[in-house]
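This report refers to the structure that appears directly beneath it.
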Amino acid sequence: MKIIKHAVGQVPNLELVGNIDESSDFGQIEVDGDELHVDCYEVARINSVGVRKWIIFFNTMKDRGVRVFFYRISTALVDQFNYIKNFGAGGQVISASAPFTCQSCKKMVLLEKYKKEIPTTDFDRDLFNCPLCQKKTLRFDDVAEDYFFFWRA
Ligand SMILES: [Zn+2]
């Protein structure tokens, strides 16, 4: 896992990249201030040791009074948020990466989706704009009720 720190004032101010496992060191994360905005777009995989480290770290943040916000959580993390209660340790998921496939160009793309879109969008039926071929032929690859479950729990 690589930790990329963004410039002061930028949101998200931190980016996690790669796999979260026994080699991941959350202790490297510097927290200045009382908010942590974490971009999780490039978290490829997380194993059981990684899950434990993740939960311990974010619980520590909660105990220290740091408010945590997660952005673009990857599909691997969406699974954890759905399966493990309190995976976010009280942190708020601002947006999630969601998998779509284009019926025209046949490419798979990940789009950033926000909680506010969930009640007003029929992800299982609607077609979305493809950022690659510009046609409105993008279809959601999962079942909305399952994939976005963590936002309703
Ligand atoms: Zn396309």
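As the structure lists them, so they are numbered: ligands from 1, and atoms in each ligand from 1.
Interatomic distance, I46 CD1 to M1 CE, rounded to the nearest 0.5 Å: 9.0 Å.
Under a 4.0 Å N-O distance rule, the pair K5/D32 qualifies as a salt bridge.
Partners of Y147 according to the ring-ring contact (aromatic ring centres under 6.0 Å, His included) rule, which considers only residues two or more places apart in sequence or in another chain, are F140.
Taken together through direct or relayed side-chain contacts under 4.5 Å among Ile, Leu, Val, Met, Phe, Trp and Tyr, F26 and I84 form part of one hydrophobic cluster.
Among protein atoms, those of element N, O or S found less than 2.8 Å away from the Zn ion (ligand 1) are C102 SG, C105 SG, C130 SG, C133 SG.
By the 4.5 Å side-chain criterion applied to Ile, Leu, Val, Met, Phe, Trp and Tyr, Y71 is assigned to a cluster that also includes V11, F69, I94, Y114.
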Report all side-chain donor-acceptor pairs from residues 16-23 shorter than 3.5 Å, counting only partners two or more places apart or in another chain.
unit_1: N19; atom_1: OD1; unit_2: R45; atom_2: N; d: 3.3
unit_1: D21; atom_1: OD1; unit_2: S23; atom_2: N; d: 3.0
unit_1: D21; atom_1: OD1; unit_2: S23; atom_2: OG; d: 2.7
unit_1: E22; atom_1: OE1; unit_2: N47; atom_2: ND2; d: 3.2

